[in-house]
Amino acid sequence: MRFLSKRAVARVVLGTTVAALMSSSAMAAEQLNLLVRSSAANGATFMTDLWNSTHEDQISVTVIPDNQMVTKLATGVQSGDVPDLVAFDLIFMPDFMRAGFLEDLTNLLENDPNQAKVAQAFKDLASYEGKLYGTGFTPDVSVLIYNKELFRQAGLDPETPPKTLAEIEDYAAKIAALGDDTYGYYFSGSCGGCNIFTVAPMMWGSGAKLLPKGPDDPILEGTGVKEVLTTFRNMWTAGSIPPDAQSDPGNNFIAVFLGGKLGMQGAGGLVINSIKQDHPELDFGIAPLPGVKDGDQSSFVGGDVIAIPTGSKHADIAKDFITWQLTDDAQLNGLAKNFILPSRSDLADNEYFQAEPRYITTAKAVGIGQVPWVFHFNDMVNSDASPWITMLQTAIFDGDIDGAIETARQKMKEIASE
Amino acid sequence: MQHVEIENVHKSFGSVEVIKGIDLSVAKGQFCALLGPSGCGKSTLLRMIAGLEAVSSGKVFVNGADVTNTHPAKRQIAMVFQSYALYPHMTVRQNISFSLDVAGRPKPEAAQRTEEVARILQLTDFLDRKPAQLSGGQRQRVAIGRALVRSPEVFLFDEPLSNLDAMLRVQMRFELAKLHEELATTMIYVTHDQIEAMTLASKIVVLDAGTISQVGTPLELYNQPANKFVAGFIGSPQMNFLKGRMETVAGREVRLELAGSGSVAILARGGVEDLKPGELEIGIRPEHIRPCNPGDAEANLSGRVELVEHLGNSTVLYVSTGSGRLVVQRSDDLSIRTGDTIGLAVDASRAHVFGADQRAI
Amino acid sequence: MTSMSVGTATHPAAGKAPTIAGEKKHTRYIVAAVCIFLIALMLFPVFMSLLASIKTPAEAMAAPPTYLPHALSLDNYFKVYDYQVGLPVYLFNSLAVAFLTIVFCLVLAVPAAYGLARFPVPGKEILFVVLLLGLMIPYQALVTPLYLMFSKIGLSNSLVGLALIHTIVQLPFSVFLLRNSFEAIPKALEEAAVTDGCNSWQTLWRVFLPLVKAGIVTVVLFAFIASWNEFLGALIFMSRESNFTIPIMLVNVRTGQHGAIDWGALQAGVVIAVLPCIAIYVLLQKYYMSGFLSGAVK
Amino acid sequence: MKPNRAGLVGLLYAMPALLFVAALVIYPLGQLFYTSLTSTSLLGGGKFIGLGNYEKAFNDSTFWSALGFTLKYTLFITPVLMGGGFLLALLTWQNTRLKQFTRGVIFMPWVIGLATSSLLWYWLFDHRVGPINKILVDLNLIEAPLAWFTDAELGLWAVIISVTWKVIGFGTILFVAAIQSIDGEITEASMIDGASYWQRVRRIILPLSTRSILLTTLISVVGSMVAFDQFYIMTQGGPKTDTFTSVYWMYQNSFIYFKLGYGSALAIILTVIIFIGAATQVALTRPRGTE
């Protein structure tokens, strides 16, 4: 007992001291909290740092693991304990807008000239029944990244990345043939979200329609669906894909690539930055995600939208931050300077990106990309049990491609009708 | 070679030696009691005969075979435990036949043996009960039955009656004696109760602190205790001990001056020739002291009566003398009262003399 | 309650290893070897984790891994210390929730166990079963309604709320254990206390509590360990970073950022999470075991 | 002493705990049942839909597969825990120093949280950086590191190994207590009766430990039926939905898909199953007046 209480007292003292130290930095001004998922934490940090250095009111960033983000936001709203600002995967906008969890920003944004220049995907996803509830924050688009060194070793031209699925399959086999634990292609086989980002665009490229907004919309229609699954199935059976890809729920999304023994994979443009920083030894290239035929390239325009939860205690300052972050200064000095895509399309081609042609590729991808506007995105795609990921797994790892598509269609139809 | 032989057996638990070199033999058909106060090592000795404790050194023989390193199951012994140790989840029948069962004996044979044993022990009506549904005496009989069914060479009893009430104890004692008479099997019986040992055993081994103090028949132990320990342990009420100073020796007659109150002459057993004058101790059983008038010539001592206990068949006096308190027991009805001053006459022929080494002289 | 109570064995050799004659020596050596092997096997995971935690972050992430650290480093611990809102906050939360859970458990279970053990309460067996309901209804199932309820009254996302959840889990065992402890006290002692002029509260406070000390220490330890380690409730009820407990922090460390797990930091976190539990276990093992057994076996 | 008054005093002492249980167990249970009849969403809203959620569960293949998987896990791990725990108890029940220490070490992981231990084992089993693969490869037992969590069977066994490590000491300690409470003379009597070691175990020790075994089995079965942490952390339900447990699927529906109504129906179904199981076992555990 005594032992316990001594410990407890010591921790209490320690804990409160630290808490006091942390809060003392912004005594006078207001302290705001921005909730952000871990994959967007970088951009959010750059942005808030820039804001904090120029504003009296301070914004701190709270990072939530990707797979807990929307749950935490929903439970937070339910319990009346919400952050002042929230940035989350734009894909969840429909659900949250419909639930009335977000403040109406129509007036604020329609009067903001910068809003017109924000990438179309954000404008689409943030509007519901004629109102706007958020805007672009840190976009990310999916692209193909490839290891140039391994291309060379496999006798491939490091400057000509694959343009079709067939080429991916072929190149992957050649790279895997190098042996010594080298593999040709990687994807996180248990991560629905990762693959809507990196695999779905390969299907879209040939005009496939994947996710339904309502029960009567086309579901997983188009030849691209089956073609892509077949290619992945072939790569899997050929041993071009590392075996642990199957169980990766996204935790090792790019860990294998960073190890230098992986030829290609779909990834977000954001990784360019972190690879350059943490693994300068890697010689890698960026290309648009190929489709069935040459020219079928597409991309998923993802990334994070910024919004204000209903009940935010500092809605006014939060609104200031939202309009501020769309300004040229914030877009360029907060994002582009740190090699993060700006959410305003007009700033895609900027001075910082000139030095790094790989960013230009990603910036271009924004123009050809799509993003689905659906409810129940978690249910349909993102969750560990979604029909989307189940389809990929059944098709790629078990080989039952037609059955997988059919099952997924039924499930998605059910979900869409809810 | 005798039926059970123990040769120079030692036993230590860690650094504590509890059995300090014991030799013992028990003849076939003999009822031998191991008697001693608690902690004397009698149970440990029995458990070593059973094989439940390995000996630290020495040898154990049963029926001529060296069983020192033989597992208990293979020693041809059976044991009745203090707690009876009946299997609580088995019926009486299963308890009794368990040893036959695990030995893989044919079912009909085992059943027949069990019935037979039950009949001998009058357990037939209880065969399908569980131990919890039996009285103490019945449980005791089941424990014996379980031992009996194996037809062992040797029965071992570890204080088997100590959990019974006084009346039942007497009854079971009688039944055990009868059983031994019928079976004529060798039995080794551990007890701290001298009456049990005296009534049941033909050979009593008195143990004291891990060594044998004396071996003998009940009457030998009573009449000729080899030392002060045995003298004090056997007999109830306990023997009186008086310190005295030897004055003269004449033949076997030793005359002692008792501290504070007169002198007494005692017939020693022998070996008194070399005795030098000095401190000795005499032991007199309460029943060997006779009250008399203080002035009488036969009065060796005198003192004041502190307490008189009337037990019906005898009277016990506690007499305070100059040499200490003496206990006197007489079977005749006395008219002595508390506070009386009386004389005490010692029966010199039944008294014992103990030397400085506490051995009887 | 029946024959199972610990310590009924009266025989001197009970629980000790008697040396049976004719038992083979090598059996003993084999048993000892098996014991030592088991000890190594059980300690292996914790030991490996400890080793990984003091590797340099780069070495901790190496594939294939190294067995022993090539260089010692506390960087992993510094990383965990600085993780998001900082380790002290998580530690404080975990300790505060555990502390509150202990308080709630004692305040509720001690009088309840006393009342049901020593008073002729009508229908007390039924009341006892009601108190044990938590054993039969998985709290995992209750999480949803509790969440909705706590959201309404402002208890979700609070340390007190989480402690209440942990109390739901821990209360049945506490009542069960303490009732057994109270029942084991001889009636004569209570009568002596009454004769000495104690009322029921004084009897509880001055006579009985010291006697059920082992039971209370056990309740405290179990409440601490259950609360310190509880995951699902904390995962659901805590939506604000500054309210997260250690297990949630660990899972978040594991989830990693930018698609790569920081294995070294994860193992440092595991070590930090495990350490208090093992320390308490080792220090108070005696109480723990006896209280545990007397409560659980009867 | 007047029983009425004393009873009232006793009731008063028990009142706070009873109110607590009423407010935080019984009331939420009713609430849970009501919610299960609605389409309540974590995002707000929802209406009464009768037994719709139950109907949906009946047709929900993932619900069935999760339930099946939970039963499979329970069926696999219970014998491992009971048998292993009993063998360990047989090995270590005597109070020698080495055995007491061994017992202490075997029990130690029990004080570690399931979440923490799962994270620890998640690392140990990791395909790339995990020491277990490293050892197996170095011992030439396997050629290349196994990706444990890519396969439902391997993943299940990885979880079983980790949970066994964590909780086997619990059963061991209970069994040790049971064995120690058997009168030493009974064991000795059986020895003299000629029973071999295994005959003693089977015919004396096992039957006399029945109550402990049933109790421990009950605790273990209920614990396995509500398994969540270990799968959430180690297999994360995968591959596909193959290692989803009932509680995981319930959590997924309530808090990931925001379908609190449906999640509540799943919770009710699970509760009923566990309650029936627990009640059956409690009934079986009742002493039959044999001792």
Side-chain angles (χ1 to χ4, degrees), chain C residues 2-4 6 8-9 11 13-17 32 35 38-39 42-43 45 48-49 61 63-65 108 111-112 114-116 119-122 127 130-131 133-134 136-138 140-142 144-146 149 168 200 225 229 231-232 236 247 250-251 254 263 270 273-274 277 281 293 296-297, chain D residues 3 6-7 9-11 13-14 16-17 20-21 24-25 28-29 31-32 35 91 94-96 98-99 102 104-106 108 111-113 115-116 119-120 123-124 128-129 131 134 174 177 180-181 183-185 211-212 226 228-229 233 247 254-255 260 263-264 267 270-271 274-275 278 287 291:
Chain C
T2 56
S3 64
M4 282 301 188
V6 177
T8 51
H11 197 271
K16 297 224 176 62
C35 282
L38 283 170
I39 292 170
M42 295 307 282
L43 291 179
M48 289 308 284
S49 173
M61 278 185 257
L108 294 170
Y114 175 59
L116 291 184
F119 293 88
V121 180
L127 294 181
V130 168
L131 290 181
L133 266 184
M136 283 170 264
I137 299 164
Q140 288 90 340
L142 295 180
T144 308
L146 285 170
M149 188 171 142
I168 296 172
S200 69
I225 282 173
N229 290 319
F231 178 67
L232 178 65
I236 290 169
L250 278 184
V251 170
R254 192 278 299 267
W263 293 104
V270 165
V274 158
C277 297
Y281 169 61
L293 294 179
V297 177
Chain D
V9 174
L11 196 62
Y13 278 111
F20 179 87
V21 170
L24 294 181
V25 177
L29 192 65
Q31 195 65 38
L32 178 70
T35 311
L91 184 78
Q94 287 139 326
N95 286 335
T96 67
L98 176 66
K99 292 184 176 186
T102 310
V105 171
I106 290 172
M108 184 202 70
V111 305
I112 297 171
T116 313
L119 281 168
L120 171 53
W123 166 69
L124 288 170
R128 299 176 60 247
V129 305
K134 165 90 170 152
L174 290 183
Q180 283 191 350
S181 72
D183 188 342
E185 290 196 339
R211 266 180 65 83
S212 278
V226 296
F228 172 76
D229 300 11
I233 290 170
V247 171
S254 297
F255 294 98
L260 288 179
S264 299
L270 184 66
T271 304
I274 286 174
F275 197 85
E291 287 169 38

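Order of the sequence lines sets the chain letters (A, B, ...), proteins ahead of strands, with each chain counted from 1.
If you measure heavy-atom distances from D/Val247 to chain C, the contacts under 4.5 Å come from the side chain alone. Both the backbone and the side chain of C/Met48 come within less than 4.5 Å of a heavy atom of chain D. Both the backbone and the side chain of C/Leu127 come within less than 4.5 Å of a heavy atom of chain D.
Across every non-hydrogen atom of C/Ser200 and D/Tyr13, the tightest pair is OG-OH, 2.9 Å. Across C/Val251 and D/Ile233, no two heavy atoms sit closer than the pair CG2-CD1, 3.8 Å. Taking both residues in full, the closest heavy atoms of D/Leu124 and C/Pro45 are given as CD1-CB, 3.6 Å, listed atom of the first, atom of the second, then distance. Taking each heavy atom of C/Ala112 and D/Ala17 in turn, the nearest pair found is CB-CB, 3.6 Å. Minimum interatomic distance between D/Ala115 and C/Pro247 (heavy atoms only, all atoms of both residues): CB-CB, 4.3 Å.
Heavy-atom pairs under 4.5 Å with chain D were tallied for C/Leu116, C/Leu232, C/Leu38; the largest tally goes to C/Leu232. The most heavy-atom pairs under 4.5 Å with chain C, out of D/Leu119, D/Val21, D/Leu98, come from D/Leu119. The residue among D/Ser254, D/Gly10, D/Gly113 with the most heavy atom pairs within less than 4.5 Å of chain C is D/Gly10. Of the listed residues (D/Leu260, D/Thr35, D/Leu270), the one with the most heavy-atom contacts under 4.5 Å to chain C is D/Leu260. Between chain D and the residues C/Pro138, C/Gly115, C/Ala273, C/Pro65, the most heavy-atom pairs under 4.5 angstrom are made by C/Pro65.
Qualifying side-chain hydrogen bond (donor to acceptor under 3.5 Å, both in side chains) partners for C/Ser49, counting only residues two or more places apart in sequence or in other chains: C/Gln267.
Between the OG1 atom in D/Thr116 and the CZ atom in C/Phe231 there is a gap of 9.5 Å [rounded to 0.5 Å]. Of the inter-residue distances, the one linking C/Leu142 atom CG with D/Leu24 atom CG reads 9.5 Å to the nearest 0.5 angstrom. The line from CG of D/Leu120 to CZ of C/Arg254 is 12.5 Å long, rounded to the nearest 0.5 Å. Between atom CG of residue D/Asp229 and atom CD of residue C/Gln140 there is a gap of 8.0 Å, rounded to the nearest 0.5 Å. In this structure, OG1 in C/Thr144 is found 4.5 Å from CZ in D/Phe255, a value given to the nearest 0.5 Å. Residue D/Ile112 holds its CD1 atom at 9.5 Å from CD1 of C/Ile225, rounded to the nearest 0.5 Å.
Counting only heavy atoms from C-beta outward, the side chains of C/Cys35 and D/Leu91 approach each other to under 4.5 Å.
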